[in-house]
Number of protein chains: 2
Amino acid sequence: MIASDKFLESKGIRPTAMRLLVFQHLAKSKVATTLSDIENAFAKADRTTLFRTLKTFEQKRVVHQIDDGSGIMKYALCEEGCNCELERDLHLHFHCTNCGETICLTEQKIPHINLPDGFVAEDANLVLKGICDKCSGQ
Amino acid sequence: MIASDKFLESKGIRPTAMRLLVFQHLAKSKVATTLSDIENAFAKADRTTLFRTLKTFEQKRVVHQIDDGSGIMKYALCEEGCNCELERDLHLHFHCTNCGETICLTEQKIPHINLPDGFVAEDANLVLKGICDKCSGQ
DNA sequence: TCAATAAATGCACTTCCATTGCATTGCCCT
DNA sequence: AGGGCAATGCAATGGAAGTGCATTTATTGA
Ligand SMILES: [Mn+2]
Ligand SMILES: [Mn+2]
Ligand SMILES: [Zn+2]
Ligand SMILES: [Zn+2]
């Protein structure tokens, strides 16, 4: 367990107080997090700063953005061994229509798809919607 | 080739002039269509009416909405033999990052995914992003 | 150390699209 | 014709992403 500030530095991010708080908040969360989630968690923080913090994290491959179709972007930490620099870590996401939470299913990779001639895929987004384990009572 | 008005009626939709125009516009289009696309095609039409027309079509399973991650919703006619009423017709969509167009790959179904215990999937959205056949020059 | 420089932050504002409220119009049926 | 409901048009709202710019904070190097 490397210290947060060292980790951010290793990614080329200056570890400001705000960034450390946001990073640790993301690290604690088991589910994908919205900008508003973070805004509510740190009442003193300005939305724009948080927004730009997330964009910085995304650019430096510390988090990935998740579009689960809810209309609100969510963010989650990238996995430890994730080789985001080369190729996106194409796991799928599950969005619970009951509790509204979205989680990374990092074990479930997006299967390879054979596309018609002429189509070249560079990225993929697979979101399953339904009832999550907590909501299905199991 | 059934007449448009008869078709809409068969779906429980009153075939107004506006609705027929929108339907035929969608039928002609090879790619998924935005509200603004339609608005531009019929300068006289009001955006709200077109919006509600699409919602009606969606509810009656004449079109399906496509969230390709571009931030703008798109719509495409459902397939002829599509049994949308029972279960969503889970084909994938391809979004070209060059020309911005999104097309239904109705032949390419979303593969079945084994989920962890407790997760129950009811819907799925798979969007591949990259270069389309027209833009790859092939 | 201290001034110069660069990076991060905070506030206000904009933009874009989806969505709604409400008054009006048009259609259908008796 | 007239009552009633569905469809339409216009105006306004809402939610979220994103930008401009001034201010504060950190870093650098003379
Ligand atoms: Mn994820
Ligand atoms: Mn489609
Ligand atoms: Zn849930
Ligand atoms: Zn293209």
Side-chain angles (χ1 to χ4, degrees), chain A residues 4-6 8-9 11-25 32-60 62-76 95 100 102 125 127, chain B residues 4-6 8-25 32-60 62-76 95 100-102 125 127:
Chain A
S4 299
D5 55 349
K6 294 298 174 195
L8 290 184
E9 273 174 359
K11 293 282 187 174
I13 299 169
R14 295 223 316 236
T16 66
M18 198 81 264
R19 286 169 173 176
L20 286 168
L21 284 173
V22 171
F23 176 73
Q24 283 158 13
H25 186 265
T33 305
T34 68
L35 180 54
S36 294
D37 288 339
I38 302 175
E39 197 184 8
N40 294 333
F42 312 114
K44 292 193 301 185
D46 180 75
R47 184 178 192 83
T48 309
T49 303
L50 298 174
F51 174 76
R52 286 196 266 237
T53 296
L54 289 171
K55 287 299 155 198
T56 300
F57 282 7
E58 193 187 359
Q59 202 171 15
K60 302 292 187 175
V62 170
V63 304
H64 57 280
Q65 193 182 45
I66 303 163
D67 182 353
D68 62 10
S70 66
I72 307 172
M73 286 301 172
K74 300 184 179 173
Y75 301 85
H95 176 66
T102 297
N125 184 35
V127 179
Chain B
S4 299
D5 54 348
K6 294 299 174 194
L8 290 183
E9 273 173 358
S10 78
K11 294 283 188 173
I13 299 170
R14 291 223 319 237
T16 65
M18 198 80 264
R19 286 169 172 177
L20 286 168
L21 284 173
V22 171
F23 176 74
Q24 284 158 13
H25 185 265
T33 305
T34 68
L35 180 54
S36 294
D37 288 340
I38 302 175
E39 198 183 7
N40 294 334
F42 311 115
K44 291 194 303 184
D46 179 75
R47 184 177 189 84
T48 309
T49 303
L50 297 174
F51 174 77
R52 286 197 265 238
T53 296
L54 289 171
K55 288 298 155 198
T56 300
F57 283 7
E58 193 186 359
Q59 202 171 17
K60 301 292 186 175
V62 170
V63 304
H64 58 280
Q65 194 182 44
I66 304 163
D67 181 353
D68 61 10
S70 67
I72 307 170
M73 286 301 172
K74 300 184 179 173
Y75 301 85
H95 176 66
E101 286 186 347
T102 297
N125 184 36
V127 179

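Below, chains carry the letters A, B, ... as their sequence lines are ordered, and counting in each starts from 1. Computed over heavy atoms, backbone and side chain alike; hydrogens, waters and symmetry mates excluded.
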Nearest whole angstrom, please: distance from the [atom2] of [N] to the [atom1] of [X].
X	N	atom1	atom2	value
L20(A)	dA8(C)	CG	P	13 Å
Y75(B)	dC17(C)	OH	C1'	10 Å
L35(B)	dT8(D)	CG	C1'	15 Å
F51(B)	dA7(D)	CZ	P	15 Å
K44(B)	dT8(D)	NZ	P	14 Å
R19(A)	dA26(D)	CZ	P	12 Å
I13(B)	dA6(D)	CD1	P	15 Å
M18(B)	dG26(C)	CE	P	14 Å

Practice task
Can you see which heavy atom on D68(B) is nearest to which on S70(B), and at what distance?
Solution key: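 Distance-wise, the nearest heavy atoms are OD1-OG, 2.6 Å.
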Between N or O atoms, less than 3.5 Å apart, protein on one side and nucleotides 11-16 of chain D on the other: list the pairs.
{"unit_1": "dA11(D)", "atom_1": "N6", "unit_2": "T48(B)", "atom_2": "OG1", "d": "3.3"}

Practice task
Check side-chain hydrogen bond (donor to acceptor under 3.5 Å, both in side chains) between Q24(B) and all other residues, then give those that pass, not counting sequence neighbours.
Solution key: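 Partners of Q24(B) under the side-chain hydrogen bond (donor to acceptor under 3.5 Å, both in side chains) test: S4(B).
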Quick one: list whatever passes side-chain contact (heavy atoms from CB on, under 4.5 Å) with [X], sequence neighbours left out.
X	value
K6(A)	I2(A), A3(A), E9(A)
I13(B)	L8(B), K11(B), R19(B), T56(B), F57(B), K60(B), V62(B)
L54(B)	V22(B), L26(B), L35(B), I38(B), Y75(B)
T49(A)	M18(A), D46(A), T53(A)

Practice task
May I ask you to evaluate whether T49(A) reaches the phosphate of dA8(C), defined as a side-chain N or O under 4.0 Å from OP1 or OP2?
Solution key: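 Result: no.
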Handout entry: Phosphate contact (dT8(D) OP1 or OP2) by T16(B) side-chain N/O below 4.0 Å
Key =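 So the side-chain polar atoms of T16(B) do come within 4.0 Å of the phosphate oxygens OP1 or OP2 of dT8(D), strictly under.
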Practice task
Remember a base hit wins even if backbone is also touched, and classify K55(B) as base, sugar-phosphate or nothing at under 4.0 Å, heavy atoms.
Solution key: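 Sugar-phosphate only.
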Exercise for the section: Determine the contact category for R52(A): base if any of its heavy atoms lies under 4.0 Å from a base atom, sugar-phosphate if only primed atoms, P, OP1 or OP2 are that close, otherwise nothing. Expected result: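 It contacts base atoms.
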Problem - Step-by-step side-chain contact (heavy atoms from CB on, under 4.5 Å) determination, T34(A) to M73(A) - result: CA-CA 6 Å; T34(A) 68; M73(A) 286 301 172; over 6 Å; no
Problem - Those residues that, when tested against R47(B), pass salt bridge (Lys or Arg N to Asp or Glu O under 4.0 Å) (two or more places apart) - result: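 With neighbours one apart ignored, the set is E39(B).
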Problem - Test ring-ring contact (aromatic ring centres under 6.0 Å, His included) applied to F51(B) - qualifying residues, sequence neighbours left out - result: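 Applying ring-ring contact (aromatic ring centres under 6.0 Å, His included) to F51(B) gives none.
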Would you list the protein and nucleotides 27-30 of chain C atom pairs, both N or O, that sit under 3.5 Å from each other?
none

